[in-house]
Number of protein chains: 2
Amino acid sequence: MEYKIKSRIWIETENHILLGEGRVTLLKAIEETGSLSKAAKSIGMSYKKAWSLIDAVNRRAEKPVTTSSIGGKGGGGAILTPYGKSLVDAFETINKNCWKFLDEQISKISI
Amino acid sequence: MEYKIKSRIWIETENHILLGEGRVTLLKAIEETGSLSKAAKSIGMSYKKAWSLIDAVNRRAEKPVTTSSIGGKGGGGAILTPYGKSLVDAFETINKNCWKFLDEQISKISI
DNA sequence: AATCGTTATATTTGTACGAACATAACGCAA
DNA sequence: TTGCGTTATGTTCGTACAAATATAACGATT
């Protein structure tokens, strides 16, 4: 019985995905780097894909999840809003709880 | 707060997927129809894809999940083994429990 | 005004995956 | 022995999605 159980969770609104694992790791990278391009590079994602993901998240969310500025000192940047942080936190706690729950389930049922 | 949380689970063995939602619906269709080609058609899947999925499942599982016969009355067929049934049952109960758990989680945390 | 690093966006190129098609083998039934 | 419906497998073709490339706009700093 070396069977393992895995899961992925995501948050939807109006039948469209708002937040999944990939978007969350991107948002966390933005928080750490203060820049969308640096965040994308740090997680091995193309800038274009990162930008379109963030664009989709901000369109779907009730409030902005990131804010960005163009030009100026350092060329500009992007930061995670407090609302974005709360979303990321909620996602991660629920995700960890889900993993723990599933481990309990698989140990309960023997196959 | 019209945010919904969704999930997909799957069973792995040795870092390879053994069973996910698609494979489980295919296995259930085999149980109902007694034939791989009929099962594939009933769920709108090509025979080749269905066959390769079932092949992968049987290679990875500890014991055979389906058995098949070629030729004879009706041309042959495929059936779900008792072990296959137990795997399907385990997957579905854990999956339902996971959904319920996540609904509780999202109602607990307000975002 | 020239430079720099960034956001923002369009366009082209590549590729992985499924769809579609083709065919062999099999064993019962007529 | 011919036909049938199935399992089993290979091969070709499309297409959606990611990767790569290109370019404009922006604003502080020098």
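It should be emphasised that the depicted structure is a prediction, and the values quoted were computed from it without experimental measurement. For the numbers below, each heavy atom of this structure counts, side chains included, while hydrogens, waters and symmetry mates do not. To find a chain, count down the sequence lines: A is the first, B the second, and so on, and within it residues start at 1.
Between the CG atom of A:Leu26 and the CD1 atom of A:Ile43 there is a distance of 4.5 Å, given to the nearest 0.5 Å. Rounded to the nearest 0.5 Å, atoms CG (B:Leu36) and CH2 (B:Trp51) are 9.5 Å apart.
A salt bridge is absent between A:Arg60 and A:Glu12: the closest approach of a Lys/Arg side-chain nitrogen to an acidic carboxylate oxygen does not fall below 4.0 angstrom. A salt bridge does not link A:Lys85 to A:Asp89: none of the charged side-chain nitrogens sits closer than 4.0 Å to a carboxylate oxygen. Under 4.0 Å is where a charged nitrogen must lie from a carboxylate oxygen, and between A:Glu32 and A:Lys38 no such pair does.
For the pair B:Trp99 and B:Ser7, the minimum side-chain heavy-atom distance is below 4.5 Å. Put simply, the side chain of B:Leu102 does not reach to within 4.5 Å of the side chain of A:Asn97, judged on heavy atoms.
Looking only at atom types and distance, the side chain of B:Ser35 has a donor-acceptor partner in the side chain of B:Ser37 under 3.5 Å away.
Under a 3.5 Å cut-off, the side chain of B:Thr81 and the backbone N or O of B:Val65 do form a donor-acceptor pair. Using modelled atom types, one side-chain atom of B:Asn58 and one backbone atom of B:Thr66 make a donor-acceptor pair closer than 3.5 Å.
For residues 37-55 of chain A, proximity to DNA chain C is found at A:Ser37, A:Lys38, A:Tyr47, A:Lys48, A:Trp51, defined as any non-hydrogen atom under 4.0 angstrom from a strand atom. Of the residues in residues 68-78 of chain B, those placing a heavy atom less than 4.0 Å from an atom of DNA chain C are B:Ile70, B:Gly71, B:Gly72, B:Lys73, in numerical order.
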Worksheet item: Tell me, for nucleotides 12-17 of chain C in 5' to 3' order, what letter each nucleotide earns: B for a base near a protein heavy atom under 4.0 Å, S for only sugar-phosphate near one, - for neither?
Response: ------
